[in-house]
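What follows is a short report on a single structure.
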Amino acid sequence: MIFSSLTFLLIFLPITLLLYYLVPGIRLKNAALLLCSLIFYAWGEPLYILLMLYSIFMNYVCGLLMDKHKKMRRQVLIFGIIINLFLLGFFKYAGFLSESVSGLFGSFGVAVSVRNIALPIGISFYTFQALSYLIDLYRGKFPVQKSFVRFALYITMFPQLIAGPIVRYESIAKELEKRTISPAKFGQGALLLIEGLAMKVLLANQIGTMADELRAMSTSLSTVSAWLGALAYFFQIYFDFAGYSTMAIGLGLMLGFTFTKNFDHPYMSTSVTEFWRRWHISLGTWFREYVYIPLGGNRVGTLKHIRNILVVWILTGLWHGAAWNFVLWGLYYGILLLLEKFVLLRLRLPKVIGWIYTTILVLVGWVIFSGETLIQSMAILSAMFGNGTGFFDKTALYYLSTGGIILLLCAISSTPILGKLRGKLLRTTAGRTLLTLVYVGLLALAIMFLAVQNYNPFLYFRF
């Protein structure tokens, strides 16, 4: 089940909110929300809910053991990390590793075959949350959570379960025990839910058809067609994932939880470094706190600093998927960030120049990222830089004429302009009335689109 579905919006969410608000007390609300979250996950993954429950139980017990046996805290932590990474590695990377080994050593008679295993939805997200809990508990940042229901709710809470943001335990530990549930927070959350839904359904889904169709023509693209396809995906992945994150944050507020912002207008960045401070903030924070800093961060020699950045970005690429294009994508950003750190940022280029080169580099990065195979990505990049079927063709003209308006809407919506306009409208009664009508209209329009269109992918289900 995904947020941008009629089943969720018209059946699951109303029933969940009704049950949640009817039961008294935080303990019963936690239990009700846990039950609904398990149903939410089981709706699409009835078998793999057992895997998630095992992960919850194992990490809960590890936490209790770390608290009870102080002298063995380190050993328990290492055990917990190994089990978590083994589960993630087996279900996500076993097939990729077997194919890679067979491809590299097949000529020597080495062949490894692993049956294709369906990727459990959300495993990358809930595994990283569990790891952060164990590591921060070991560091003494908070006391152990002795309530199984509270711990299970932290892992399974449906707003952030399958696509983040990656919520660190310390950020909601107090809210698991005591939280404010008010009409104001509910209203604010509902507005964010509608905003995110509009981003996903009215922008990402619409531009996504253009991105998919042009990517499918990777071997017969003109230069302009290739750039249009790249630009369509550039906007699709942003509004798809940022929209989903916005919905998650809104749903959290409706339930009394405050999740941290996951996107901050990343396409306004004037450097690649700034882009990654604004994009998927919770993932960047996770890798900084649990990989980059433990490796020594920037408080080491130059060579080790370079190593740390490359390690983090190769792992970031692999986190997104078990394929060589993700490895290349991670390495690509590692090299770009090193280039900026040691050269470009020291030149103090004008901001407009920084924005132009950052946008182009990010767009190229998304082409590497988006390909179903590395060969497909390379074909599109080749066409983008002059090795296509020509400079301009009828395909380019068709997609410019049919997709020009949605591209323009995406460009405007990716800037802070609409947010500033909303802020001005909120200052007056007339403005608030108008804004309410706009949000009601967006909700109705999104539901109409969902009712008549079959195209409703969620890109981060792949990860």
Side-chain angles (χ1 to χ4, degrees), residues 59 62-63 66-67 70 73-86 88-89 92 123-145 154-155 160 164-173 245 259-264 266 269 271-320 326-327 329-346 365 463:
N59 285 288
C62 282
M66 288 170 64
D67 181 64
K70 305 293 185 184
R73 292 170 70 246
R74 183 178 178 83
Q75 290 88 334
V76 174
L77 173 65
I78 292 172
F79 172 81
I81 290 174
I82 290 173
I83 295 299
N84 277 295
L85 292 181
F86 172 78
L88 179 61
K92 193 165 184 175
I123 190 171
S124 298
F125 291 93
Y126 70 71
T127 299
F128 269 31
Q129 289 198 180
L131 284 169
S132 71
Y133 170 79
L134 291 181
I135 295 170
D136 285 347
L137 179 63
Y138 175 79
R139 292 172 174 175
K141 290 192 173 184
F142 44 75
V144 67
Q145 177 54 263
Y154 160 65
I155 298 293
Q160 47 77 47
I166 301 170
V167 179
R168 294 170 66 184
Y169 176 80
E170 63 178 331
S171 68
I172 64 166
S245 290
F259 302 149
T260 56
K261 180 168 34 175
N262 211 22
F263 290 86
D264 185 18
S269 303
S271 69
V272 176
T273 302
E274 182 186 356
F275 172 79
W276 281 108
R277 292 196 191 110
R278 292 169 172 257
W279 179 280
H280 203 345
I281 298 168
S282 63
L283 180 65
T285 300
W286 198 98
F287 273 108
R288 184 179 69 246
E289 291 293 323
Y290 304 111
V291 179
Y292 181 67
I293 292 176
L295 284 174
N298 58 1
R299 297 183 178 182
V300 292
T302 301
L303 289 178
K304 286 187 176 180
H305 187 197
I306 292 172
R307 177 206 65 186
N308 294 347
I309 291 175
L310 291 178
V311 166
V312 165
W313 280 97
I314 290 173
L315 290 176
T316 301
L318 278 171
W319 180 89
H320 282 86
F326 293 120
V327 177
W329 177 78
L331 184 61
Y332 169 80
Y333 271 111
I335 293 171
L336 287 181
L337 291 167
L338 287 171
L339 183 63
E340 278 197 341
K341 184 172 185 63
F342 293 107
V343 181
L344 293 177
L345 293 182
R346 296 181 180 182
F463 316 128

Problem set entry | Listed partners of N84 passing side chain to side chain donor-acceptor pair (under 3.5 Å), at least two apart |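 Counting only residues at least two positions away or on another chain, N84 forms a side chain to side chain donor-acceptor pair (under 3.5 Å) with N59.
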Exercise. Which residues pass the side chain to side chain donor-acceptor pair (under 3.5 Å) test with Y126, sequence neighbours left out?
Worked result: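 None.
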Problem set entry | Stepwise side-chain contact (heavy atoms from CB on, under 4.5 Å) test for Q75 and F79 | CA-CA 6 Å; Q75 290 88 334; F79 172 81; over 6 Å; no
Exercise. Counting only N and O atoms by type, is there a donor-acceptor contact under 3.5 Å from the side chain of E340 to the main-chain atoms of T273?
Worked result: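 Yes, because the side chain of E340 sits within donor-acceptor range (under 3.5 Å) of the backbone of T273.
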Does a side-chain heavy-atom distance below 4.5 Å link [X] with [Y]?
X: W313; Y: I335; value: no
X: L85; Y: L131; value: yes
X: V76; Y: Y138; value: no
X: N308; Y: R299; value: no
X: Y154; Y: Q145; value: no
X: F125; Y: Q160; value: no

Distance, nearest 0.5 Å, that separates [atom1] of [X] from [atom2] of [Y]:
X: L339; Y: L344; atom1: CG; atom2: CG; answer: 4.5 Å
X: L338; Y: I309; atom1: CG; atom2: CD1; answer: 4.5 Å
X: R139; Y: E170; atom1: CZ; atom2: CD; answer: 9.5 Å
X: S124; Y: L318; atom1: OG; atom2: CG; answer: 10.5 Å
X: H280; Y: T285; atom1: NE2; atom2: OG1; answer: 10.0 Å
X: T316; Y: L310; atom1: OG1; atom2: CG; answer: 11.0 Å

Inspect the surroundings of [atom1] in [X] and state if more than 12 heavy atoms from other residues, nucleotides or ligands are less than 6.0 Å away.
X: K304; atom1: NZ; result: no
X: R74; atom1: CZ; result: no
X: R307; atom1: CZ; result: yes

Exercise. Are T260 and I281 close enough, and set up right, to give a side-chain contact (heavy atoms from CB on, under 4.5 Å), and what steps lead you there?
Worked result: CA-CA 9 Å; T260 56; I281 298 168; over 6 Å; no
Can you name the nearest heavy-atom pair linking [X] to [Y], along with the distance?
X: P266; Y: R278; answer: CA-CB, 3.6 Å
X: R168; Y: S132; answer: CA-OG, 4.2 Å
X: W329; Y: G317; answer: CE3-CA, 3.9 Å
X: S245; Y: F263; answer: OG-CE1, 3.6 Å
X: R73; Y: L137; answer: NH2-O, 3.4 Å
X: V300; Y: G297; answer: CG2-O, 3.5 Å

Exercise. Out of W286, Y133, Y169, Y290, which one pairs with F128 under the ring pair (Phe, Tyr, Trp, His ring centres under 6.0 Å) rule?
Worked result: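 Output: one option passes, namely W286.
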Problem set entry | Name of the residue among F287, W279, W276, F326 meeting ring pair (Phe, Tyr, Trp, His ring centres under 6.0 Å) with Y333 |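 Exactly one pass, corresponding to W276.
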Problem set entry | Step-by-step side-chain contact (heavy atoms from CB on, under 4.5 Å) determination, M66 to V144 | CA-CA 8 Å; M66 288 170 64; V144 67; over 6 Å; no
